[in-house]
Asks: 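Dropping the structure in here first, questions after.
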Amino acid sequence: MTRTALVTGAARGIGAATALRLAADGFRVAVLDLREQDCEETVDAIRAAGGDALALDADVGDTDAAAAAVARVVDELGAPTVLVNNAGILRDNLLFKMTENDWDSVMSVHLRGAFLMTRAVQKHQVEAGWGRIVNLSSTSALGNRGQANYATAKAGIQGFTKTLAFELGRYGITANAVAPGFIGTDMIRQTAERMHITYEQFVEAAAKEIPVGRIGVPEDIANAVSFFCSEAAGFVNGQVLYVAGGPKA
Ligand code: NAP
């Protein structure tokens with residue numbers, strides 16, 4: 001049976017690598033991001049590899065847009081029984097300089113977005129009696145200077161994930177979180193800019209602190225998401241897996 005997966009924030013970075021990996025695993029993949037045209041590269045790569053994909057635009061924090069996106073997936077690709085809540089933004093600043101807008105924007109995308117998308121998708125998972133939800137947390141959930149908003153959201157994602165595991169497990173649905181460390185994506189480029197250093201300087205300094213001696217690549221995270229979405233992971237529920245090249249707690 002071919003199942004459908006929906007990956008948010010999948011135009012680039014970790015989301016794009018995850019969409020490609022899930023397509024390679026045999027899922028049809030709905031590739032969602034803020035602008036539909038930004039999803040085309042991911043969709044083309046999936047189709048070029050023989051997979052089935054659909055580009056979708058939605059702001060995950062918008063109730064109507066989230067519901068409409070899920071309805072489109074149902075109509076055009078099949079009911080989504082796998083959901084990867086990956087869309088994310090940074091609005092870093094030290095607390096005394098952080099604006100209400102910095103706080104609200106981060107909560108809207110990470111927490112409200114994951115909530116709205118999951119609420120819209122779980123109906124289809126319950127109907128199917130099977131589902132996989134994977135939420136993107138972060139090592140920043142453990143606390144990180146300049147990220148009061150983001151760290152709070154990523155810790156919240158862990159509570160959300162564990163609650164979904166309790167509520168939905170009886171329907172054959174698992175919910176787990178992947179908490180990446182330092183992964184080379186545009187998000188990290190933004191952070192380097194904010195710190196007034198080059199991306200290369202930032203990466204070199206970070207790699208020195210990581211036990212495996214390198215920063216992560218999006219595929220490192222996609223591999224972990226793939227495991228949680230697999231049949232084999234059916235008894236793994238409510239877990240947070242740090243994928244950071246070294247232990248985190
Ligand atoms: P990225 O390269 O910035 O990609 C994030 C994607 O999400 C972008 O395409 C972005 O679109 C999209 N997006 C933002 N707001 C959205 C919204 N409201 N609705 C739909 N899509 C939206 O980020 P990434 O590094 O791949 O990160 C992916 C996830 O992993 C995020 O949840 C992030 O917090 C988490 N993470 C990343 C790292 C890391 O080191 N990179 C570490 C830990 C956790 P636009 O580009 O148009 O804004």
Side-chain angles (χ1 to χ4, degrees), residues 6-21 30-43 55-70 83-92 104-118 120 134-144 147 149-158 160-161 177-195 199 202-203 206-207 209-210 214-222 224-225 240-245 248:
L6 168 51
V7 184
T8 70
R12 64 187 103 256
I14 292 168
T18 299
L20 281 161
R21 174 59 201 259
V31 176
L32 183 149
D33 212 288
L34 282 170
R35 284 166 299 277
E36 191 170 322
Q37 67 268 26
D38 291 352
C39 299
E40 291 303 339
E41 202 178 314
T42 309
V43 166
L56 289 170
D57 67 283
D59 173 350
V60 293
D62 178 308
T63 307
D64 294 340
V70 172
L83 172 65
V84 183
N85 284 308
N86 165 82
I89 59 167
L90 293 178
R91 294 290 181 272
D92 294 356
D104 292 343
S105 311
V106 165
M107 296 306 155
S108 173
V109 180
H110 295 271
L111 286 181
R112 186 180 164 87
F115 158 61
L116 292 174
M117 292 302 299
T118 306
V134 183
N135 297 319
L136 269 289
S137 179
S138 167
T139 51
S140 294
L142 301 166
N144 199 22
Q147 293 196 316
N149 49 0
Y150 184 80
T152 302
K154 291 308 199 185
I157 282 288
Q158 297 190 9
F160 180 60
T161 302
V178 177
F182 192 111
I183 312 298
T185 69
D186 290 348
M187 193 173 262
I188 291 296
R189 287 183 187 279
Q190 274 179 42
T191 307
E193 262 173 46
R194 190 178 58 82
M195 294 167 71
Y199 175 73
F202 194 27
V203 165
E209 303 299 320
I210 299 173
R214 67 167 175 91
I215 67 158
V217 292
E219 290 72 19
D220 289 317
I221 305 308
V225 176
V240 178
L241 179 63
Y242 285 90
V243 181
K248 300 279 173 184

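Since we're looking at a predicted model, the values are computed, not measured. Numbering of ligands and ligand atoms starts at 1, following listing order.
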Asks: Give the atom numbers and elements of ligand 1 that come within less than 4.0 Å of a heavy atom of His110.
Replies: 32 (O), 34 (O)
Asks: Any side-chain heavy-atom pair from Arg12 and Asp38 closer than 4.5 angstrom?
Replies: yes
Asks: Is it true that a side-chain atom of Asn135 and a backbone atom of Phe160 form a donor plus acceptor pair closer than 3.5 Å?
Replies: no
Asks: Considering only the protein, which heavy-atom contact is closest to atom 24 (P) of ligand 1, and what is its distance?
Replies: Thr185 OG1, 3.6 Å
Asks: Report the nearest protein non-hydrogen atom to atom 38 (C) of ligand 1: residue, atom name, distance rounded to 0.1 Å.
Replies: Gly181 O, 3.9 Å
Asks: Would a distance-only check, ignoring hydrogens and angles, find a side-chain to backbone donor-acceptor pair under 3.5 Å from Asn86 to Leu136?
Replies: no
Asks: Would you say ligand 1 has an N or O under 3.5 Å from any N or O of Arg12?
Replies: yes
Asks: Of all the non-hydrogen atoms in the protein, which one sits nearest to atom 5 (C) of ligand 1, and at what distance?
Replies: Gly88 O, 3.8 Å
Asks: Under a 4.0 angstrom heavy-atom cut-off, which atoms of ligand 1 come close to Ile89?
Replies: 14 (C), 15 (N)
Asks: Say whether, by atom type as modelled, one donor and one acceptor occur between the side chain of Ser137 and the main chain of Gln158 under 3.5 angstrom.
Replies: no
Asks: Among all protein heavy atoms in this structure, tell me which lies nearest to atom 19 (N) of ligand 1, with the distance rounded to 0.1 Å.
Replies: Val60 N, 3.1 Å
Asks: Which is closest to atom 26 (O) of ligand 1 in terms of heavy atoms, Thr8, Ile14, Thr42, Val7?
Replies: Ile14
Asks: Closest by any non-hydrogen atom to atom 40 (O) of ligand 1: pick that one out of Asp62, Ile183, Asn135, Val243.
Replies: Ile183
Asks: When you measure from atom 18 (N) of ligand 1 to every protein heavy atom, which one gives the shortest distance, and what is it?
Replies: Asp59 OD1, 2.9 Å
Asks: Could you check atom 32 (O) of ligand 1 against the protein and tell me its nearest heavy-atom contact, residue, atom and distance included?
Replies: Asn86 O, 2.8 Å
Asks: Identify the heavy atoms of Ile183 and Val243 that sit nearest to each other, and give their distance.
Replies: CD1-O, 4.4 Å
Asks: Could you give the distance from CG (Asn144) to OG1 (Thr152), rounded to the nearest 0.5 Å?
Replies: 11.5 Å
Asks: Should we count CD of Glu41 as having more than 12 external heavy atoms under 6.0 Å?
Replies: no
Asks: For Ser137, counting its heavy atoms only, list the atoms of ligand 1 lying under 4.0 Å from any of them.
Replies: 44 (C)
Asks: What atoms in ligand 1 come closer than 4.0 Å to a heavy atom of Ala58?
Replies: 19 (N), 20 (C)
Asks: Counting non-hydrogen protein atoms only, what is the nearest one to atom 34 (O) of ligand 1? Give residue, atom name and distance.
Replies: Tyr150 OH, 2.5 Å
Asks: Less than 4.5 Å apart, any side-chain heavy atom of Leu116 and any of Val60?
Replies: no
Asks: Give, for atom OG1 of Thr42 and atom CG of Asp33, the distance between the pair rounded to the nearest 0.5 Å.
Replies: 8.0 Å
Asks: Say whether Gln190 and ligand 1 are in contact under the criterion: heavy-atom distance to a ligand atom below 4.0 Å.
Replies: no
Asks: Side-chain polar contacts of residues 104-112 - donor-acceptor pairs under 3.5 angstrom, sequence neighbours left out - could you list them?
Replies:
unit_1: Ser105; atom_1: OG; unit_2: Asn101; atom_2: O; d: 2.6
unit_1: His110; atom_1: ND1; unit_2: Lys154; atom_2: NZ; d: 3.1
unit_1: His110; atom_1: NE2; unit_2: Ile89; atom_2: N; d: 3.1
unit_1: His110; atom_1: NE2; unit_2: Ile89; atom_2: O; d: 2.9
unit_1: Arg112; atom_1: NE; unit_2: Gly61; atom_2: O; d: 2.7
unit_1: Arg112; atom_1: NH2; unit_2: Thr63; atom_2: OG1; d: 3.0

Asks: Considering non-hydrogen atoms of the protein only, which is the closest contact for atom 48 (O) of ligand 1, and what is the distance?
Replies: Leu34 CD1, 3.9 Å
Asks: Determine, step by step, whether Thr118 and Leu83 satisfy the side chain to side chain contact (heavy atoms under 4.5 Å, CB included) criterion, reporting the C-alpha distance in whole Å, the side-chain angles of both residues, the deciding distance to 0.1 Å, and the verdict.
Replies: CA-CA 7 Å; Thr118 306; Leu83 172 65; 3.6 Å; yes
Asks: Please work out, at 4.0 Å between heavy atoms, whether the side chain, the backbone, both, or neither of Ile188 comes within that distance of ligand 1.
Replies: side chain
